[in-house]
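Taking it in order: structure first as C-alpha cells, then the write-up.
Counting convention: from 1, in listed order, for ligands and their atoms alike. Heavy atoms only: backbone and side chains are in, while hydrogens, waters and symmetry mates are out.
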Amino acid sequence: MSDKIVYLDNNSTTKAAPEVVDVMKQYFLCDYGNSESTHAFGSNLQYVEQGARESLARLINGRPKNIYFTSGATESNNWVLRGVMKHSDKRHLVISAVEHPSVLNVAQYLEKEGYRVTYLPVTDQGVVRLEDLMTAATDETALVSVMYANNETGAIMPIREIGEYLRDKSIIFHTDATQAVGKIHVDVKRDNIDLLSFSGHKFHGPKGVGGLYFPLKKYVSGKLVRMQIAQFMIGGEQQGFMRAGTMNTPGIAGLGKAADLAYEHLSEHLVAGEDTGVSSKRDDLQEFIEENIPKTMINAKNAPRLPNTLNLTFPGAEGESIIDRLSEKGICVSSGSACTSKSLAIPYVLDAMGINHDIINSTIRFSLSRYNTTEELKYVRQVLPKVIEDLRLISGFKE
Ligand code: PMP
C-alpha cells in the first residue's frame, strides 16, 4: 500500500474533526463522571449532554428535548422498526427497497415474525415515487420508513412530499437520515418528519454514538396523540426510561461539537448559494471522468443527489479490481456499503434501479468530505483513467 492516503469513502465513515477529539479528551481524562450520579462531579455533566441536544436540534430544526442518544443509526433504526411495530395493533410496515441493511434486515426479521412489509420500488435514478407510497400506505399501516438519502448513490428521496402526505395521518413517518444529516439541510418541521435516525461518524463526529429524534407525540386528525414505541434498550432509568445504558458523555460531547461544525459549514455555504463546498469538487471529478473515461455510467445522475457522492459504473472493469488497484495507489473508495458488499453478489440498490447484471459489479463509489483537497482530486484524475484502461484491456472490453 502507498504511504499517501486519499480518503474518498466518507459515506462509509469519516475522520473525526480535530475539534471533536479535543472536546472528547476532556470527558475521558478530566470530567469522567457518570451524569446519573448524585454528586456534582457526575451530575454536572447533564449540562454537557443538554448542550449536545441543543446542537443536534439546531442542525435538524427540532426541539432539544426530543433528541435521544443511541449507539448509532443501526440502533436507532432497530428501535423504531421493532418498537413501533411491537406496540401497534396495525401489522403493516412500508419501507423502500433501497434502505440500509439496518432497516431492510429488520423489516425482513419482522416479516418472519408475521408482520406484512411493502418494499417500495425506485426509479432508474434510485428515487422512491410518492405515488407508490400513496398506494402502499393504507389504514392498516403502522409505520413508513424511507431513508433521506441513499448511502450508495446519494439519491435524495422525496421526504418533504412523503411528510406532507402522511401529516395528520395515524401512520408514523420515520426517516433514516444517516447520510443526509450534516451534509444537506435537514428540517424535521418543514418535512413533517415524525422520527429521524442519525449517526455521528458520518459527519466528522465519533463512532459508536448517534441518536433518534423522537418527539413522543404527533398530530392525528388535528389532535396531539402519543406515538407508542416500545423501549429497545431495557435497563436503567437513563434518558427518561426510554433508552437505558450509562450515558456516553465523551461521545455525546463530540457528537454535539460535530453538529456545531456541520451547522457552521452548511450555513457558510448556503450563503454562497450551494449546499456544501464539496459539491463543486465532486462535479469537477464527474465532469473529468465523463470526458476522459469512455462508456462511464453516472448512477443517479439526474436525481437530486447528496453533494459528496459519485457512483460510477465502468463496463469492462470489475469493481473489486478497481478498488484494489486504487488502494495500491493510496486511494480509498468503495464498491458499496461496507455492510453489504462482502455478503451479496448482486448489489441490491443498483439492482433495484434496473442496472444490467452484466455491468452491475463494475461499480464504485466515491464519497468526499469537506477535508478533501483539490490536490487530492487531481491525484485521482492522474491515476483513475489508467486503472480503468488496464482492466478493460485485461477483460478484452472494446470501448
Ligand atoms: N443508515 C445508513 C443510510 C447508513 O449509511 C449507515 C452506515 N453505513 C447506517 C444506517 C448505520 O449507521 P451506524 O454505523 O451508525 O450504525
Side-chain angles (χ1 to χ4, degrees), residues 7-16 20 56 60 67-82 95-109 119-120 122 126-128 145-157 159 174-184 186 193 195-213 232-233 243 245 248 251-252 254-255 258-259 262 300 303 305-311 332-344 347-350 352 365-369:
Y7 187 76
L8 295 167
D9 196 12
N10 288 279
N11 284 8
S12 171
T13 196
T14 60
K15 137 183 169 168
V20 165
L56 262 316
I60 61 169
I67 302 282
Y68 291 86
F69 297 113
T70 65
S71 62
T74 297
E75 182 189 326
S76 303
N77 291 340
N78 267 268
W79 183 10
V80 172
L81 267 73
R82 296 162 80 164
I95 68 166
S96 86
V98 297
E99 295 299 313
H100 185 264
S102 57
V103 168
L104 206 56
N105 290 344
V106 180
Q108 280 164 12
Y109 161 85
Y119 299 88
L120 299 174
V122 291
V127 179
V128 162
S145 181
V146 174
M147 68 199 324
Y148 207 111
N150 184 264
N151 41 306
E152 308 294 341
T153 62
I156 298 174
M157 304 297 168
I159 293 301
H174 166 248
T175 185
D176 171 9
T178 307
Q179 292 293 343
V181 169
K183 292 190 184 124
I184 54 173
V186 170
I193 293 165
L195 303 169
L196 178 144
S197 303
F198 58 88
S199 183
H201 73 105
K202 304 289 180 176
F203 58 98
H204 306 294
K207 293 175 181 46
V209 60
L212 181 67
Y213 169 76
F232 183 58
M233 294 300 238
R243 196 282 187 181
N248 173 6
I252 291 168
L255 177 65
R305 233 181 337 157
L306 289 175
N308 76 322
T309 307
L310 182 56
N311 188 298
C332 311
V333 300
S334 145
S335 66
S337 142
C339 327
T340 55
S341 59
K342 288 193 184 76
S343 57
L344 288 177
Y348 66 94
V349 173
L350 301 173
R365 176 190 72 190
F366 289 92
S367 47
L368 284 64
S369 86

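Between the side chains of Thr178 and Ser199, no donor-acceptor pair is found at a separation under 3.5 Å. In this structure, a donor-acceptor pair under 3.5 Å is present between the side chains of Thr13 and Lys207.
Set against the non-hydrogen atoms of Gly72, the atoms of ligand 1 under 4.0 Å away are 15 (O). Listed by number with element, the atoms of ligand 1 under 4.0 angstrom from any heavy atom of Ser199 are 13 (P), 15 (O). Less than 4.0 angstrom separates some heavy atom of Asn151 from each of these atoms of ligand 1: 3 (C), 5 (O).
The minimum heavy-atom distance linking Pro206 with Val20 is given by the pair CD-CG1, 3.9 Å. Here the closest non-hydrogen pair linking Val122 and Ala352 is CG2-O, 3.6 Å.
Contacts of Ser102 with ligand 1, taken as heavy-atom pairs under 4.0 Å, involve the side chain alone. Looking at Thr74 against ligand 1, both its backbone and its side chain come within 4.0 Å, counting heavy atoms.
Put simply, the residue from Asn311, Thr309, Asp9 that forms a side-chain hydrogen bond (donor to acceptor under 3.5 Å, both in side chains) with Arg365 is Asp9.
Look at Lys202 and you'll find a heavy atom under 4.0 Å from some atom of ligand 1.
Here the NE2 atom belonging to His100 is positioned 8.0 Å from the CD atom belonging to Gln179, to the nearest 0.5 angstrom.
On a distance-only criterion, His201 and ligand 1 share at least one N/O pair closer than 3.5 Å. At least one N/O-N/O distance between Ala73 and ligand 1 falls below 3.5 Å.
One option in Glu75, Gln179, Lys207 has a heavy atom closer to atom 5 (O) of ligand 1 than any other, and that option is Gln179.
Looking only at side-chain heavy atoms (C-beta outward), Leu310 and Arg305 come within less than 4.5 Å of each other.
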